[in-house]
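Here's the structure, in structure tokens; my notes come after.
Residues take their numbers from the sequence shown, with the count starting at 1. Note: hydrogens, waters and symmetry copies are ignored here, and every other heavy atom, side chains too, is used.
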Amino acid sequence: MRKGGYSRLGVFGTMNHYDNSGYKIGESRPGLFGSVNTYDSSGDRISRSDKSLFGGFNHYGD
């Protein structure tokens, strides 16, 4: 089964994530120093990505 859905830019640099039916399932917010925090629909943080020293990203699941 293929996962569907889409993302749209929100206010202040956020990214809102929606499922196939158009229901909001999560949100990604920029953090300090270039990091990105991802939250589910209930507001619980589910992951964090930080910029590494070498230009890539380090991803941490919570």
query: OG/S7 to CE/M15 distance, rounded to the nearest 0.5 angstrom?
result: 6.0 Å

query: Do you know which two heavy atoms are closest between D19 and Y6, and how far apart they sit?
result: O-CE2, 3.7 Å

task: Report yes or no: does N20 contribute a side-chain atom to a donor-acceptor pair with the main-chain N or O of G5 at less than 3.5 Å?
output: yes

- line: CG (L9) and OG1 (T14) are apart, to the nearest 0.5 Å, by 7.5 Å

- prompt: So does F12 have more than 12 non-hydrogen atoms from other groups sitting under 6.0 Å from CZ?
  reply: no

message: Contact between R45 and T38 at the side-chain level, heavy atoms closer than 4.5 Å - yes or no?
response: no

Side chains of K24 and S41 in contact at under 4.5 Å (non-hydrogen atoms): no

Within-4.5 Å side-chain heavy-atom neighbours: S28 and V36: yes

message: Return the CD1 to CD distance between I46 and E27, rounded to the nearest 0.5 Å.
response: 11.0 Å

message: Rounded to the nearest 0.5 Å, what separates atom OH in Y18 from atom CZ in R8?
response: 6.5 Å

Minimum-distance pair of heavy atoms, taken over all atoms of P30 and G13: CD-O, 3.5 Å

field: Point-to-point distance, once rounded to the nearest 0.5 Å, from OG of S47 to CG of D40
entry: 10.0 Å

